[in-house]
Amino acid sequence: MTEPNLTTSLGALQLANPVLTASGTCGFGLELTPFGDLNQLGGVILKGTTLTPRAGNPTPRLAETPAGVLNAIGLENPGIEGLCRDVLPRLTAFQCSFLANISGNTVEEYGELAARLEGEAVIAAIEVNVSCPNVKQGGIMFGTQAEALAEVTRTVKAHTTKPVIIKLTPNVTDIVALARAAAEAGADALSLINTLQGMAIDIRRRRPVLANIFGGLAGPAIKPVALRCVWQVHQALPEMPLLGGGGIMSGEDAIEFFLAGASAVSIGTATLVDPRAPWRILAEIEEFCRREGVRDLGELIGAAHRKEE
Amino acid sequence: MTEPNLTTSLGALQLANPVLTASGTCGFGLELTPFGDLNQLGGVILKGTTLTPRAGNPTPRLAETPAGVLNAIGLENPGIEGLCRDVLPRLTAFQCSFLANISGNTVEEYGELAARLEGEAVIAAIEVNVSCPNVKQGGIMFGTQAEALAEVTRTVKAHTTKPVIIKLTPNVTDIVALARAAAEAGADALSLINTLQGMAIDIRRRRPVLANIFGGLAGPAIKPVALRCVWQVHQALPEMPLLGGGGIMSGEDAIEFFLAGASAVSIGTATLVDPRAPWRILAEIEEFCRREGVRDLGELIGAAHRKEE
Amino acid sequence: MAGTGVYNGKILEHRHLNDYYSLLTIEVPEIAMYAKPGQFVMVACREQGSLDPLLRRPLSLHNILADDGQIQLLYQLRGKGTTWLWQRRPGETLSLLGPLGRGFRLPPEVNKAVLVGGGIGNAPLLPIAQVLAQFELESRFFTGARSEAHLVGVEPIAALGIPVHISTEDGSVGRQGLVTEELAVYLERERPDYLYACGPLPMLKAVVKLARQYGMAGQVSLEETMACGIGICLGCDCGGKKVCKEGPVFAIEEVVLND
Amino acid sequence: MAGTGVYNGKILEHRHLNDYYSLLTIEVPEIAMYAKPGQFVMVACREQGSLDPLLRRPLSLHNILADDGQIQLLYQLRGKGTTWLWQRRPGETLSLLGPLGRGFRLPPEVNKAVLVGGGIGNAPLLPIAQVLAQFELESRFFTGARSEAHLVGVEPIAALGIPVHISTEDGSVGRQGLVTEELAVYLERERPDYLYACGPLPMLKAVVKLARQYGMAGQVSLEETMACGIGICLGCDCGGKKVCKEGPVFAIEEVVLND
Ligand SMILES: Cc1cc2nc3c(=O)[nH]c(=O)nc-3n(C[C@H](O)[C@H](O)[C@H](O)COP(=O)(O)OP(=O)(O)OC[C@H]3O[C@@H](n4cnc5c(N)ncnc54)[C@H](O)[C@@H]3O)c2cc1C
Ligand SMILES: Cc1cc2nc3c(=O)[nH]c(=O)nc-3n(C[C@H](O)[C@H](O)[C@H](O)COP(=O)(O)OP(=O)(O)OC[C@H]3O[C@@H](n4cnc5c(N)ncnc54)[C@H](O)[C@@H]3O)c2cc1C
Ligand SMILES: Cc1cc2nc3c(=O)[nH]c(=O)nc-3n(C[C@H](O)[C@H](O)[C@H](O)COP(=O)(O)O)c2cc1C
Ligand SMILES: Cc1cc2nc3c(=O)[nH]c(=O)nc-3n(C[C@H](O)[C@H](O)[C@H](O)COP(=O)(O)O)c2cc1C
Ligand code: FES
Ligand code: FES
C-alpha cells in the first residue's frame with residue numbers, strides 16, 4: 001500500500017505534514033533538536049515575540065491541574081530585534097516551516113512586528129496572538145472584541161505579504177463571531193485555541209499558586225473545548241483553513257481535530273511532557289491513516305460534519 | 001479542641017454546612033440514601049426542572065474526556081407538576097435543605113416555575129439554570145447576555161419569596177459583567193460554574209461521540225476555570241454570596257473554592273464517580289479545619305484575596 | 001438492593017485467556033453476598049489519586065461465588081479502562097461499586113429456555129444459566145462470535161450440562177454464520193418459550209425480532225454509556241428508562257431498541 | 001548534553017527509608033553513562049495511558065553508578081507524583097527524561113570545601129562529594145533537618161570519609177539549631193574557600209549571605225516548579241535564567257534569590 005499523503009496547507013502556507021509545535025512550548029525549535037529532526041515536522045511556531053524584550057512574570061509561573069497545566073510565563077522573550085539578530089540566522093539551517101508568533105500592546109505594535117519580519121525569509125507565516133491586553137482600551141484582550149480583533153488583523157495584513165494566522169482565544173461568548181471578524185478582516189487562516197483562563201490556590205499558603213494569580217490552562221483537560229471551537233468555526237466558515245490545537249497528546253487526538261475541521265494541528269503541552277511528542281504524534285497519524293485506508297489527509301478534514309450514509 | 005463551626009449561608013438560605021450536591025448529579029437526592037444520610041449534607045440541589053416533562057436527548061449522552069465528562073442529558077425531567085406531585089412529598093421526611101433547579105425556554109416560563117414552587121415548603125431556595133437557549137431570541141443562552149439574564153433574575157424574584165441563586169455559565173467573555181447584571185437584578189446569591197461547552201469525536205465512526213454533538217464539560221478538568229470565575233466575581237462583588245463548584249473531588253478542592261470566595265460548594269461529577277463523595281468531602285473539610293486550626297468556615301471564605309502579612 | 005456500596009475487592013486471580021479476554025477473580029464478600037444474576041459492578045480503573053480515566057467502568061458479574069465471598073468478572077480489552085485493568089495483579093485492590101441494576105429474573109413458568117450470547121455478551125449469562133440448571137429446566141445456549149478467538153465464556157455454561165450451539169462468522173469453529181441464523185432454525189423447530197440474551201446491539205435487535213415473531217417472552221441485557229451506575233446522572237437512557245437502574249436487563253416486551 | 005533523552009528505567013530496588021523518604025535504584029544505562037553530579041531527571045509519575053498527574057517530576061541524581069548502568073534517586077514523599085512513585089515495585093518500569101541541567105562543577109583551585117545540605121537537599125550532594133573525596137580535597141559536610149527522622153542521605157557521604165556536622169531544629173540528633181549557625185562558626189574559624197549547597201530556599205539564602213560575607217566562591221542547586229526540564233517552556237525562571245537548563249546549579253556570584 002502506498003504511503004498516505006499528509007501534505008496540507010493553511011492558506012498560502014504549504015506544509016509537508018500537519019504537525020506543528022505550538023508557540024511557547026518548543027522554545028525556538030533549536031531546543032528540540034536533541035530529540036528529533038525538525039525537518040520532519042510540518043512546522044515550528046516560535047515563542048511569542050513582542051516589540052521590546054520582556055522578562056516575563058515572577059515565579060511560580062506554572063501550576064499543574066488535573067490533566068492540565070496553568071502557565072503565566074508573561075511572554076518572556078528577547079524582543080523582535082533579539083529574535084531577528086540572535087535566533088533567526090540559526091534557523092536557516094533547517095528546511096521546515098518556521099512561523100513567528102507575535103503579541104502587541106497596541107494595534108500599531110502588531111503592525112510594526114509584522115513589518116519587521118517581512119524581510120526575514122526564514123519566517124514562512126505569522127501567527128498572531130490576540131490573547132494580550134489592549135493597553136489603549138483598558139486592558140481588555142484584543143481577542144475578545146470583534147472590532148479590535150479585526151483592526152489587528154487588518155493592520156498585520158497591511159504590513160506583511162506572508163500568510164497571517166489569527167490565533168483565537170476560547171475565553172469568549174461567541175467564538176464564531178470572532179472568527180468571522182478575523183476572516184472578514186483578511187486572515188488567511190485561524191488558529192484555535194489559545195489557553196483557557198484559570199487559576200489554582202495553594203491551600204497551605206492560602207494564596208494563588210501562580211505569582212500572577214491567573215494563568216492559561218492548557219493540556220488534555222481543554223481538548224473538549226478546543227474541539228468544540230474548531231467544529232463551530234469550521235461549520236460557520238467551511239472555507240477558512242484552521243490550525244487546531246489544545247490538549248493533543250496522541251495521533252488519535254490529532255485525528256479528532258482533523259475530523260472537526262482542522263487542516264493542521266499544533267502540539268503544545270504534549271511536548272513539555274515528552275519532547276519527542278511531535279514526532280510520535282506524526283507517526284501515529286500516519287499509522288492511523290494506513291490502518292484505516294486513508295490515502296490523503298484531506299479525506300479526514302471536516303469529515304465528522306458529514307452525516308453518515 | 002472544639003469542633004470547627006461549618007454553618008454557612010447563601011443570602012437568606014442558612015446551611016448546616018457548606019456541602020451541597022449539584023443539580024443533575026444527585027437525582028432527587030433519594031437515589032443517594034443508600035450511600036449516606038441526606039440530613040448530614042448542607043443541601044441537595046434537585047435535578048433541573050422544566051415546565052413540561054422532557055424526554056431528554058438521544059444517547060449517547062455521555063462521553064468521558066481527560067479528567068472530565070461531557071454530558072448532553074437534555075434536561076430529562078418529569079416537569080414541574082411531576083416534581084411537585086411525585087417527588088417533593090417524599091422529601092419532607094428529611095431535614096436538609098432542598099433547592100430546586102429551574103430551566104425555562106422563555107422568561108415567562110422561569111416566572112411560572114418559580115411561582116409554582118412558592119407554596120412548596122420543602123423547597124428552601126431556587127437555583128436558576130440560565131444555560132438554556134432563549135427560544136424567543138434565536139436560541140442564544142440566557143446566561144450569556146446581561147440584559148436577558150437580568151430579566152430572568154427579576155422575573156424569578158418577582159414570583160418567589162425564596163432565596164434566588166442564579167447559576168452562571170462560564171461560556172462567556174466577561175463573567176463579572178454577567179454576575180453584576182444578576183446581582184443588580186436582585187439575585188440573592190450566585191452559583192459558579194455550570195459546565196463548559198465541549199465535544200468529543202469518535203475517530204472510528206468519524207462522528208461526534210454525543211448524539212447531540214455538543215455537551216457540557218464537568219469534572220476536575222474544569223476546576224481551574226471554575227476557581228478563576230469564583231475569584232473574579234468575589235473580587236468584583238465581595239458582598240455577594242457565592243456557591244462554588246466545578247471539579248471538586250476532595251475536601252482540599254473545596255477549600256480552594258472557599259479561599260477564592262465561595263460560601264458553600266456544590267459537588268457534581270465526584271458523586272457520579274463515588275456516591276459517597278459529598279459525605280467524604282464534608283469530612284475532609286472538617287479534617288482540614290481541625291488540622292489547620294480553623295474554628296469557623298468564615299475564616300477561609302475569600303481569604304486568598306488578602307495579601308500575606 | 002440491600003448492600004449496594006463502594007467496596008474494596010482484592011484480586012485473587014487474574015487470568016488472561018487470550019489477547020482479547022481476561023477473567024478476574026475478586027474477593028469482595030459485601031457484593032458476592034447480595035448480587036443476583038445479570039447485575040453488574042462499576043469498577044474504578046485507575047490508581048488512587050489519579051483522576052484519569054475519571055469514570056468507573058460497568059462490568060457484569062460473570063460468576064457470583066456467594067459462599068466464598070468472591071465474584072468473577074470476564075472482560076474484553078477495549079480502551080483506557082480495560083487496558084489499566086489488564087495490568088492488575090493478584091493481591092492488588094480494586095474499588096467496586098455494586099451490586100447494581102436489575103438482573104435476570106426467573107419467569108414464573110418456563111418449560112424450555114434458550115440463552116443467546118454474542119461475544120463478550122456471554123459474560124452475564126453464566127449466573128442465570130446456573131439457575132436454569134439448578135431448577136433442571138430444559139435449556140440451550142446459542143452463542144456467536146467473529147472467530148474462535150472471540151468465543152469466550154462458553155465452557156462454564158457447557159459444564160452445567162446445557163447443550164451449546166456455536167456459530168462463528170468466519171466458520172473457524174462451529175457453524176459458519178450469525179448466531180441468530182442457527183437460533184431461528186431452532187425456534188422454528190422447537191418453539192421454546194423463554195429467551196435470555198446479551199450481546200452487541202445488532203444481534204439483540206435480531207434476537208428481539210425473532211422472539212416477537214415466535215411470540216416468545218424473554219429478557220435482554222443492554223449496554224449504554226454510563227457515568228454513575230446508580231440512576232443519578234440520567235446518562236444511560238433507553239426509551240425513558242435508566243439502563244443502570246431499571247435495567248440492564250429488560251423484558252423483551254418493554255424494550256425499545258433504536259438505531 | 002550528549003545522550004539526553006527519554007528512557008525506560010527498570011526499578012531494581014525500592015527502599016522506603018522511613019515514612020518520609022525513599023531510595024530508588026534504577027537500571028538505565030543511557031542516563032547513568034552520561035550523567036554528571038548535580039544533574040537531574042524528569043520522572044513520569046503515572047501509569048502509561050493515564051494523563052494525571054500530567055507533568056513529570058524533577059528529581060536529582062543521588063547516585064550515578066556509571067559502570068553498572070544504574071542511578072539512584074532519593075526522594076521525599078510530598079504530593080500526587082511522589083505518592084505514586086512511593087508505590088512502585090522492583091521490576092516495574094519508569095519513564096525518565098535526562099540527564100538534565102548543568103550540575104556541580106569542580107572549580108579550578110580548591111583547598112578546603114564545604115558541602116551544605118538541608119533536608120532532602122542532601123540528595124544531589126553525594127555525587128559531588130564523591131568527586132571531592134576522589135581528588136582527596138579536604139572537605140566537610142554540614143547538614144540540617146527538622147528532626148532526626150528528617151535527616152536523610154548522610155551516611156553515604158560520611159562513608160567517603162568526609163566529616164559530618166549535623167544540626168536539627170529539635171535537637172533530636174546533633175547540635176540543636178539551624179545548619180547555618182554551625183556553618184557560620186566553622187567559616188569564621190577555618191575559612192574554607194569553596195561551598196556547595198542544596199536545600200530549602202531560606203537555608204540557601206542564609207548560606208549565600210554567609211558565603212558573601214566570607215568572600216567565598218561556591219555553587220548552589222536551586223528548585224523551581226518545572227514543566228519541561230529542557231528549556232522550552234520558560235516556566236522555571238530565576239533572574240532571567242532557566243533553572244532547568246542554565247541550572248539547577250548556579251555559581252553563588254550569579255544567583256539572585258528573591259522572596
Ligand atoms: C451493564 C453493562 C455491563 C457490561 N458488562 C461487561 C462485561 O461483563 N464484560 C465486558 O468486557 N464488557 C462489559 N460491558 C462493556 C464495558 O463496560 C466496556 O467495554 C468498558 O467500559 C470499556 O471501557 P474502556 O475504558 O476499556 O474503553 P473506552 O472506549 O476507553 O471507554 C470510554 C468510555 O466509554 C464507555 N464504554 C465503552 N464501551 C462501552 C460499552 N460497550 N458499553 C458501555 N459503555 C462503554 C466506557 O465505560 C467509558 O466511559 C458492560 C457494559 C454495561 C453497560
Ligand atoms: C532540579 C530539581 C531537583 C530536585 N531533586 C529532588 C530530589 O532529589 N529529591 C526530592 O525529594 N525532591 C527533589 N526535588 C523536588 C521535587 O521535584 C518535588 O518534591 C516533587 O516534584 C513533588 O511532586 P509531588 O507530585 O509529590 O508534589 P505536588 O505538590 O503534588 O506537586 C505539584 C507540582 O508542583 C511541583 N513541585 C512540588 N514541589 C516542588 C519543589 N520542591 N520543586 C519543584 N517543583 C515542585 C511538582 O513537580 C508538580 O509539578 C527537586 C526539584 C528540582 C526542581
Ligand atoms: C508554557 C506555555 C507557554 C505558551 N506561550 C505562548 C505564546 O507565547 N504565544 C501563544 O500564542 N501561545 C502560547 N501558549 C499557548 C500554546 O501555544 C497553545 O495554544 C496552548 O498551550 C494549547 O495547546 P496545548 O493544550 O497543546 O498545550 C503557551 C502555552 C504554554 C503551556
Ligand atoms: C450529568 C450531569 C447533569 C447535569 N444536569 C444539570 C441540571 O439539570 N441543571 C444544572 O443547573 N446543572 C446541571 N449539571 C451541571 C452540574 O450541576 C455542575 O454545575 C457541573 O457538573 C460542574 O460541577 P462538577 O464539575 O462538580 O460536576 C449537570 C452536570 C452533569 C455532569
Ligand atoms: S449511569 Fe447514571 S443514571 Fe444510569
Ligand atoms: S522547566 Fe521548562 S524551561 Fe525550565
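Residue numbering restarts at 1 for every chain, and letters A, B, ... go by the order of the sequence lines. For clarity, every value in this text was computed on a predicted model and none was experimentally measured.
Taking the side chain as every heavy atom from C-beta outward, A/Glu151 and A/Leu149 never approach each other to under 4.5 Å. Put simply, the side chain of B/Leu190 does not reach to within 4.5 Å of the side chain of B/His234, judged on heavy atoms. B/Arg295 is not listed as a side-chain neighbour of B/Asn5, based on a closest heavy-atom distance of 4.5 Å or more. Side-chain atoms of B/Ile140 and B/Thr144, non-hydrogen and from C-beta on, do get closer than 4.5 Å to each other. No side-chain heavy atom of B/Pro4 sits under 4.5 Å from any side-chain heavy atom of B/Asp296. With contacts defined as side-chain heavy-atom distances shorter than 4.5 Å, the pair B/Val233/B/Leu242 qualifies. Residues B/Ile166 and B/Leu168 meet the side-chain proximity criterion, which asks for heavy atoms closer than 4.5 Å. Looking at heavy atoms from C-beta onward, B/Arg290 lies in side-chain contact with B/Glu3 at the 4.5 angstrom threshold.
Only the side chain of B/Leu217 comes within less than 4.5 Å of a heavy atom in chain A; its backbone stays farther off. Proximity to chain B is limited to the side chain of A/Leu196, based on heavy atoms less than 4.5 angstrom apart. Interface remark: B/Gln232 contributes side-chain atoms only to the contact with chain A (heavy atom separation under 4.5 Å). With a 4.5 angstrom heavy-atom cutoff, B/Ile203 touches chain A via backbone and side-chain atoms both. In this structure, chain A has no heavy atom under 4.5 Å from any part of B/Ile175. Heavy atoms closer than 4.5 Å to chain B are found nowhere in A/Ile222, neither backbone nor side chain.
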**Asked** Can you list the steps and then say if B/Met199 with B/Ile213 is a side-chain contact (heavy atoms from CB on, under 4.5 Å)?
**Response** CA-CA 6 Å; B/Met199 76 177 296; B/Ile213 302 179; 3.8 Å; yes
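Put simply, the side chain of A/Asp202 never gets that close to the backbone of A/Pro208: no donor and acceptor are under 3.5 Å apart. Listed for the A/Asn57 side chain is no donor-acceptor partner under 3.5 Å among the backbone atoms of A/Asn212.
Ranked by heavy-atom pairs shorter than 4.5 Å toward chain A, the options B/Arg228, B/Glu292, B/Gln145 are led by B/Arg228.
Within residues 298-305 of chain A, the residues having any heavy atom less than 4.5 Å from a heavy atom of chain B are, in residue-number order, A/Leu300, A/Ala303, A/Ala304, A/His305. The contact list for residues 58-68 of chain A toward chain B, using heavy atoms and a distance under 4.5 Å, reads A/Thr65, A/Pro66, A/Ala67 by residue number.
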Donor-acceptor contacts under 3.5 Å from residues 245-265 of chain A side chains, at least two apart:
unit_1, atom_1, unit_2, atom_2, d
A/Ser250, OG, A/Glu252, N, 3.4
A/Ser250, OG, A/Asp253, N, 3.1
A/Ser250, OG, A/Asp253, OD2, 3.4
A/Glu252, OE1, B/Arg204, NH2, 3.3
A/Glu252, OE2, B/Arg204, NH2, 3.2
A/Asp253, OD1, A/Lys223, NZ, 2.7
A/Asp253, OD2, A/Met249, N, 2.9
A/Asp253, OD2, A/Ser250, N, 3.3
A/Glu256, OE1, B/Ile201, N, 2.7
A/Glu256, OE2, A/Lys223, NZ, 2.6

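With sequence neighbours excluded, the residues forming a ring pair (Phe, Tyr, Trp, His ring centres under 6.0 Å) with B/Phe142 are B/Tyr110, listed by chain and number.
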